[in-house]
Undergrad: 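Input: one structure, supplied below.
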Amino acid sequence: MTPVVEVRADSAAVGEAVAARIAALIQGNASAVVGVATGSSPGPVYTALARRVADGLDATGVTWFALDEYLGLPLGHPRSYRTELLDNLIHPLGLDPDALWVPDGAAADPDEAARDYESTLAGRRVDVQVLGIGRNGHIGFNEPGTPFTSTTHRVRLTESTRAANARFFTAPQEVPHECLTQGPATIMRARRIELVAFGKHKAAAVARALRGPVSEECPASILQRHRALHVTLDRGAAADLATG
Ligand code: F6R
């Protein structure tokens, strides 16, 4: 199916547009299941959702599933994705932390933790999955070359992804080397996908994902095969679509 591509003036407007669709979903289904990404891109979506909750949206019945988590950070570490989602989504929306599911990055057996997360997800169909995209076309932590058939699994991060994420840590060497991530096959099971991207530095990845060949060398290109993909971009991230 051809994705819907929507270009908005700035990241706040992107956040508003995506939050409006998620809010409508929750209004129609109080026990909706929402898949959530971390990093910079979904921030404006969560900010806009919090505003809607302050204005009366009831999200108390929603279940939230994280895309990924670092391996090796202790529970409660300030840079863990669990902490990030509690700080930026669950607490601002006034929700119970038990509504948030995150792969167990502190598990003694990470491969077993990946299998457990996949089987939990398999029993709970995700209604909408929010995604960002990496400059190398990754989604979740599925780096180029990840088989499209992969489900939740353990990943060694590339140095480019570790470098990109170093901005969230006090020193680059603190960025973990491994993580657990939903695989492309897990992500594709979501009923709807909301991909968000901001800034010129994402333009090439967005263009490859949406206009390039569907290839494991660009993990996000698998989204071209999704039946309900909505892409919301600021003008910078859309720049290479307009000219290409
Ligand atoms: C985060 C995730 C990653 C990010 C991507 C873009 O949960 O899964 O794929 O979405 O690295 O990161 P930002 O939004 O920080 O540019």
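Ligands are counted one by one from 1 in listed order, and the atoms in each one are counted from 1 as well. No hydrogens, no waters, no symmetry mates; every other heavy atom, side chains included, goes into these values. Numbers here are sequence positions counted from 1.
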Undergrad: Among all protein heavy atoms, pick the one closest to atom 4 (C) of ligand 1 and tell me residue, atom and distance.
TA: Thr38 O, 4.1 Å
Undergrad: Are there more than 12 heavy atoms of other residues, nucleotides or ligands under 6.0 Å from atom CH2 of Trp64?
TA: yes
Undergrad: Below 6.0 angstrom between ring centroids: does that apply to Phe169 and Tyr70?
TA: yes
Undergrad: Which ligand 1 atoms does Leu67 reach within 4.0 Å, using its non-hydrogen atoms?
TA: 8 (O)
Undergrad: Is ligand 1 less than 4.0 angstrom away from at least one heavy atom of Arg135?
TA: no
Undergrad: What atoms of ligand 1 come within less than 4.0 Å of a heavy atom belonging to Gly140?
TA: 2 (C), 3 (C), 8 (O), 9 (O)
Undergrad: At their closest point, which heavy atom of Lys202 faces which heavy atom of Ala197, and how far apart are they?
TA: CB-CB, 4.3 Å
Undergrad: For Asp68 and Gln182, does a side-chain donor sit closer than 3.5 Å to a side-chain acceptor?
TA: no
Undergrad: Taking C-beta and beyond as the side chain, do Leu121 and Arg189 meet within less than 4.5 Å on heavy atoms?
TA: yes
Undergrad: For atom 14 (O) of ligand 1, what's the nearest protein heavy-atom neighbour? Residue, atom name and distance, please.
TA: Ser41 OG, 2.5 Å
Undergrad: Quick one: look up the protein heavy atom nearest atom 8 (O) of ligand 1 and list residue, atom name and how far away it is.
TA: Asp68 OD2, 2.7 Å
Undergrad: Of the protein's non-hydrogen atoms, which lies at the shortest distance from atom 11 (O) of ligand 1, and what is that distance?
TA: His138 NE2, 2.7 Å
Undergrad: Less than 3.5 Å between some nitrogen or oxygen of Ala37 and one of ligand 1, yes or no?
TA: no
Undergrad: Should Val34 and Leu85 be counted in the same cluster of Ile, Leu, Val, Met, Phe, Trp and Tyr side chains packed under 4.5 Å apart?
TA: yes
Undergrad: With heavy-atom distances below 4.0 Å as the criterion, list the atoms of ligand 1 near Gly39.
TA: 14 (O), 15 (O)
Undergrad: Quick one: does Arg167 get a heavy atom under 4.0 Å from ligand 1?
TA: yes
Undergrad: Going by heavy atoms in the side chains, are Thr161 and Glu143 under 4.5 Å from each other?
TA: yes
Undergrad: One residue to check: Ile133. Relative to ligand 1, which of side chain, backbone, both or neither has a non-hydrogen atom less than 4.0 Å away?
TA: backbone
Undergrad: Tell me the protein heavy atom at minimum distance from atom 12 (O) of ligand 1, and give that distance in Å.
TA: Lys202 NZ, 4.2 Å
Undergrad: Go through ligand 1 atom by atom and flag the ones less than 4.0 Å from a non-hydrogen atom of Gly132.
TA: 10 (O)
Undergrad: Applying the salt bridge (charged side-chain N to carboxylate O under 4.0 Å, His left out) test to Glu16, which of Arg51, Arg8, Arg21 qualifies?
TA: Arg51
Undergrad: State, with a plain yes or no, whether a side-chain heavy atom of Glu69 is found less than 4.5 Å away from one of Tyr117.
TA: no
